[in-house]
Amino acid sequence: MKNSYSFQKIEEKWQKRWNNSEIHSPDLTNIKNKYYALTMFSYPSGDKLHIGHWYNYGPADTYARFMKMKGFNVFQPQGFDAFGLPAENYAIHHNVHPAESTEKNINTMKKQLDSIGAMYDWENEIRTCTPEYYKWTQWLFLKLYEMGLAYQKTAPVNWCPSCGTVLANEQVKDGICDRCKEPVTKKELTQWFFKITDYAEELLENLDQLDWPEKTKHMQQNWIGKSVGANIIFKINGFEDKIEVFTTRSDTIFGATYLVLAPEHPLLKKIIQPEFRGAVDSYIETAKAKTEIERMSLDREKTGVFTGVYAINPLNKAEIPIWVADYVVSSYGTGAIMAVPSGDERDFEFAKVFNLPIIEVVSIDGKLHGTDECYINYGISVNSEEYSGKPTVEVQTLVNAKLEELECGGAKIQFKLHDWLISRQRYWGTPIPIIHCTACGIVPIPIDELPVLLPEDIKLSSTYGNELSPLATSESYINAVCPLCGENAKREADTMDTFVCSSWYYLRYPNAKYEDGPFDPEGLKWLPVDCYIGGAEHATMHLLYARFITKALRDGGYLNFDEPFTKLYHQGTITKDGAKMSKSRGNTVSPDEFIENYGSDTFRAYLMFMGPFDEGGDWNDQGITGIDRFLKKVWRFCQLPLADEVPSKKDLQILHQTIHSVSDDLEQMKFNTAISRLMEFINHFSTHEAVGRDFKMNMIKMIAPLTPHIAEELWEINGGEASVFLEAFPEYDKALAEEDTMTIAVQINGKLRGSVEVSKQIEKAALLTEVRKNENVNIHLSGKEIIKEIVVPQRLVNFVVK
RNA sequence: GCCGGGAUGGUGGAAUUGGUAGACACGCUGGUCUUAGGAACCAGUAUCCUUGUGAUGUGAAGGUUCGAGUCCUUUUCCCGGCACCA
């Protein structure tokens with residue numbers, strides 16, 4: 001026991017003690033110095049904790065513990081994002097009810113989470129699949145409905161045949177389902193949407209105020225995709241209907257030589273001329289048959305068909321042909337464009353293929369350069385009637401004004417962001433609290449009748465029917481009485497996207513058992529979250545949804561802040577042999593064997609030592625021995641006999657320099673360098689046969705956030721009171737940390753020729769004399785003429801010689 | 001194609017933000033102790049040679065500077081995001 005330690009015993013002992021005390025449950029009525037440290041809650045998929053969990057929760061806990069020791073009142077809750085497809089699939093696979101398997105998985109996971117040694121406040125645990133929680137998810141839905149932010153519409157939506165449900169835009173990457181990695185198709189369905197687009201501008205603008213990774217802000221920026229431009233309305237020859245297009249270059253309108261509609265454009269079927277019908281219809285059919293992936297591949301040659309109809313340019317009344325082509329997508333803008341081949345590469349390419357006219361309208365210098373190439377930049381307008389000769393930027397404003405005057409469009413801002421599709425045709429989710437009545441239409445369930453409970457008499461099967469939600473198969477559930485007229489009606493059979501559950505959970509944590517509403521108004525004083533740590537993969541999903549919901553609830557009068565997460569941090573990914581760990585690749589590393597052999601403190605410290613927290617790193621089985629050795633050294637150091645004599649100046653210097661850099665590093669979540677500094681500290685004392693108590697106690701405090709179990713044990717052994725986590729993190733003493741000599745590098749022509757140790761107070765002239773005494777410096781200086789002497793204070797002297 | 005981020009010994013990574021490159025670890029080599037060691041400790045470990053407090057060296061090529069891993073230009077490769085977005 002003297003020179004080594006039993007981590008199993010220590011871990012067990014302290015986890016038990018922490019759980020039986022209130023130490024991890026802060027006084028939530030006291031918001032003074034509050035620090036709400038949140039990690040993205042976990043998904044109980046049924047597996048054991050993997051390295052990814054550890055890499056998220058271990059370092060996050062280190063940071064939370066550090067902040068606690070820095071004097072903050074730290075609240076670190078934990079919970080389970082328990083609804084959702086993988087949990088449902090897991091249950092089907094194991095032939096049990098999801099409620100049962102989920103609860104079992106949560107219980108195992110909770111035990112495992114304890115093994116990390118994190119200071120979670122389990123008093124305020126959240127499980128999104130409990131009626132006590134989803135009642136309020138339903139409340140959220142109804143509030144959004146009241147505010148006009150939840151609505152139903154029929155639209156072509158992403159359908160994942162393999163998951164048997166629709167998906168939001170954010171949950172499809174490159175035409176592939178984010179969950180199961182199978183191709184997604186389009187389907188015309190009536191679904192529920194949340195009107196996130198109402199907040200596009202604010203979601204974009206507020207990014208500036210957030211202490212978030214630039215990368216993540218950038219992703220949200222791109223996803224929201226703001227474009228400033230104009231809408232232009234074209235009349236159609238022979239029809240009352242008009243075609244509206246969006247363009248960012250209204251200044252090029254005189255170069256529009258044709259119009260293109262996306263194959264899905266609603267007007268297409270109506271305006272098409274009989275003699276062209278065959279060709280257009282078959283074009284539309286071919287486009288439909290193509291998968292998303294096929295349609296997205298860019299290097300395809302442009303295709304399209306003429307409709308036989310002409311549109312009229314509102315400014316010069318030119319008649320231009322209307323084409324249909326799949327290079328115009330229906331999901332952006334109006335699904336129609338004015339094509340300006342001289343100013344857009346795609347239009348140029350199309351015009352070349354179909355021999356359509358090209359009119360030069362923008363010139364770099366105002367002269368004509370012909371139409372052999374297209375010129376996409378701004379410049380001077382040409383061939384543009386009264387606008388010719390003017391800078392295109394100016395023309396844009398003038399044209400927009402003219403369009404407004406003619407009531408043919410005008411300035412317009414377009415976003416890429418779409419409304420959030422939240423309906424899911426799956427069982428294991430929050431039921432949508434709506435009743436469809438033949439007489440009254442869509443009727444929301446009154447709030448005091450919540451929750452709408454998930455029915456249990458459902459036979460889940462791994463082969464779901466098309467579109468038909470599992471809830472629709474329950475007679476007892478689906479048949480209901482209309483709250484308005486009392487007639488027989490049908491319940492909504494879809495459940496909500498699990499991202500709805502996770503879009504507001506952080507509001508409930510400060511009083512997770514609150515019964516009078518989704519969140520306790522008193523608890524809200526803990527909001528916003530001070531520091532949120534989780535994976536970067538949520539950049540355009542959870543993190544965007546949560547911001548939207550916060551803003552919507554603020555506008556509903558329920559919150560008084562604009563942003564849920566003041567500071568955001570993403571942990572990196574731990575890879576194995578350079579690749580993401582996955583079961584299919586067979587390169588997973590199980591934390592278990594390492595925890596068994598080295599203990600949880602060693603394991604979490606090693607993860608932090610591997611590299612910068614936000615970069616992750618490649619797992620190496622051998623590296624952990626370095627941390628193991630280090631912790632054993634720490635253990636031995638803390639068992640050293642107490643020294644009688646006054647500590648040496650050098651020892652004090654090392655101590656205070658270490659305190660200084662370790663607290664700086666922890667503050668910035670630079671765990672890897674913090675550990676390095678602590679290693680240097682221990683290495684310095686390795687030859688000491690005795691050491692002052694102060695050195696031990698400070699070392700224990702510094703290492704406590706990183707390896708909590710060992711620290712508590714050492715603290716106790718050395719006579720520390722109660723818990724090391726009730727102590728303040730050491731403050732460094734600048735005077736003691738300072739050295740009185742410094743090493744000055746001496747360079748000649750920028751090349752290092754020696755170094756000298758001098759007093760810190762040395763004058764410049766004295767320094768130059770001192771430096772010249774160096775033998776090697778002299779050799780290189782002899783016979784040379786010194787042109788310049790460069791003295792960098794505290795650092796170096798450089799002689800420039802000839 | 002566009003927008004981010006990156007490339008440093010055999011390996012993971014440091015580098016006070018333009019000032020002694022390779023801290024701290026892993027691995028490897030040699031040694032001490034030991035019945036043994038996959039324990040502990042000590043020494044060494046960027047490359048090259050003519051072994052000198054010598055030359056070269058931070059993906060590649062140029063440039064700015066007394067001085068560049070760090071700044072600028074060009075370029076290659078890797079990772080992430082977006083993508084016919086009008």
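Order of the sequence lines sets the chain letters (A, B, ...), proteins ahead of strands, with each chain counted from 1. Small disclaimer: the values here were computed from a predicted structure and weren't measured.
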Under 4.0 Å between any heavy atoms, over every strand shown, what does A:Ser331 touch: base, sugar-phosphate, or nothing? Just pick one. nothing
Distance, rounded to the nearest Å, where A:Ile243 contributes CD1 and B:A86 contributes P: 20 Å
So how far is it from A:Gln653 CD to A:Asp733 CG, rounded to the nearest 0.5 Å? 11.5 Å
To the nearest Å, give me how far apart CZ (A:Phe246) and P (B:A86) are. 7 Å
RNA chain B: A:Thr743 or A:His780, which has the more 5' nearest nucleotide? A:Thr743
State whether a side-chain donor-acceptor pair under 3.5 Å links A:Asp251 with A:Tyr378. no
To the nearest Å, give me how far apart NZ (A:Lys751) and C1' (B:C66) are. 12 Å
Students often get this wrong, so: under 4.0 angstrom with heavy atoms, is A:Arg677 touching a base, only sugar-phosphate, or nothing? base
Between A:Lys760 and A:Glu738, is there a side-chain N and carboxylate O pair less than 4.0 Å apart? no
A:Ile748 CD1 - B:C66 P separation (whole Å): 17 Å
Quote, to the nearest angstrom, the P distance that separates B:C24 from B:C79. 33 Å
Just checking A:Phe609: base, sugar-phosphate only, or nothing, at a heavy-atom cut-off of under 4.0 Å? base
Side-chain donor/acceptor contact of A:Asn798 with base of B:C66 under 3.5 Å: yes
Roughly how many Å apart are B:A39 and B:G27, using the P atom of each and rounding to a whole number? 9 Å
Atom NE2 of A:His570 to atom C1' of B:G81: distance rounded to whole Å? 12 Å
Please work out if A:Asp344 contacts a base, only the sugar-phosphate, or nothing of the nucleic acid, heavy-atom cut-off 4.0 Å. nothing
If the glycosidic angle is within 90 degrees of 0 it's syn, otherwise anti, so just tell me which one B:U17 is. syn
Between A:Lys215 and B:G5, is there a contact of a side-chain N or O with OP1 or OP2 at under 4.0 Å? no
According to a strict under-4.0 Å criterion, is A:Arg636 in side-chain N/O contact with OP1 or OP2 of B:C41? yes
Mind checking if A:Thr247 touches a base, just sugar-phosphate, or nothing, with heavy atoms under 4.0 Å? sugar-phosphate
Can you figure out which of B:G27, B:A23, B:U20 approaches the side chain of A:Ser676 most closely? B:A23
Sugar-phosphate only, base, or nothing, as touched by A:Gln747 at under 4.0 Å among non-hydrogen atoms: base
Rounded to the nearest 0.5 angstrom, the CD1-CG distance for A:Ile284 and A:Leu268 is 4.0 Å
Taking the side chain of A:Pro612 as heavy atoms from C-beta outward, which of B:C26, B:G81, B:G13 is closest to it? B:G13
Answer with yes or no whether the side chains of A:Arg604 and A:Thr62 bring together a donor and an acceptor at under 3.5 Å. yes
Would you say a side-chain N or O of A:Lys633 is under 4.0 Å from OP1 or OP2 of B:A40? no
How far, in whole Å, is B:G37 from B:G31 if one measures between their P atoms? 12 Å
With a 4.5 Å limit on heavy-atom distance, are the side chains of A:Thr575 and A:Trp619 in contact? no
Of the listed B:G19, B:A86, B:G27, the closest approach to the A:Val329 side chain comes from B:A86
Whole angstrom value for the distance that separates C1' of B:G5 from CD of A:Glu615: 9 Å
Is it the case that B:U16 (base atoms only) and A:Arg795 (side chain only) share a donor and an acceptor within less than 3.5 Å, ignoring hydrogens and angles? yes
Phosphate-side-chain proximity, A:Thr673 and B:C24, N/O vs OP1/OP2 below 4.0 Å: no
Nearest-angstrom distance, P atom, B:U47 to B:G57: 16 Å
For A:Glu615, which residues count as a salt bridge (Lys or Arg N to Asp or Glu O under 4.0 Å) partner, sequence neighbours excluded? none
For a quick check of understanding: with a heavy-atom distance under 4.0 Å over all strands, which category does A:Lys226 fall into, base, sugar-phosphate or nothing? nothing
Is it the case that A:Glu244 and A:Thr334 place a side-chain donor and acceptor less than 3.5 Å from each other? no
Return yes when atom CD of A:Gln668 has more than 12 non-hydrogen atoms of other residues, nucleotides or ligands closer than 6.0 Å, and no otherwise. yes
Of the candidates B:C66, B:A15, B:A40, the side chain of A:Ile790 sits closest to B:C66
Would you kindly give the CG-to-C1' distance between A:Leu207 and B:G4, to the nearest whole Å? 15 Å
Test item: side-chain donor near acceptor, A:Thr303 and A:Tyr283, under 3.5 Å: yes
Any donor-acceptor pair under 3.5 Å linking the side-chain atoms of A:Tyr332 with those of A:Gln414? no
Distance between the C1' atoms of B:A21 and B:G69, in whole angstroms? 7 Å
Does any part of the side chain of A:Ile682, heavy atoms only, come nearer than 4.5 Å to the side chain of A:Met699, both counted from C-beta? yes
Report the residue (A:Trp223 or A:Thr248) whose heavy-atom-nearest nucleotide on RNA chain B is the more 5′ of the two. A:Trp223
Out of B:G54, B:A86, B:A23, minimum distance to the side chain of A:Asn776 belongs to B:G54
With hydrogens left out and only the distance checked, is there a donor-acceptor pair under 3.5 Å joining A:Lys302's side chain and the base of B:C84? yes
Near RNA chain B, counting only heavy atoms under 4.0 Å, which residues of residues 678-685 of chain A show up? A:Met679, A:Glu680, A:Asn683
Please determine if a side-chain N or O atom of A:Asn672 lies less than 4.0 Å away from the OP1 or OP2 oxygen of B:A14. yes
Touch class at under 4.0 angstrom, heavy-atom based, for A:Asp618 against every strand present: nothing
Nearest-Å distance once atom P is located in both B:G62 and B:C26: 39 Å
Please state how far atom NZ in A:Lys217 lies from atom P in B:G5, giving the value in whole angstrom units. 13 Å
Counting side-chain heavy atoms from C-beta on, which of B:A86, B:G4, B:A40 comes nearest to A:His218? B:G4
Can you list the stems that include RNA chain B, where a stem is three or more consecutive Watson-Crick or G-U pairs with distances under 3.5 Å? B:1-7 with B:76-82, B:10-12 with B:24-26, B:27-32 with B:40-45, B:46-48 with B:54-56, B:59-63 with B:71-75
Between A:Arg753 and B:U20, is there a contact of a side-chain N or O with OP1 or OP2 at under 4.0 Å? no
Please state the C1' separation for the pair B:C82 and B:A68 - nearest whole angstrom. 34 Å
Would you indicate which nucleotide in B:G54, B:A86, B:A39 comes nearest to any side-chain atom of A:Arg629? B:A39
A:Arg179 vs A:Gln171 side-chain heavy atoms within contact, under 4.5 Å: no
Pairwise P distance, B:A23 and B:A15 [rounded to whole Å]: 13 Å
Side-chain contact test, heavy atoms from C-beta onward, threshold under 4.5 Å: evaluate it for A:Arg753 versus A:Gln747 and give yes or no. no
Under the rule syn = chi within 90° of 0, otherwise anti, which is B:G13? anti
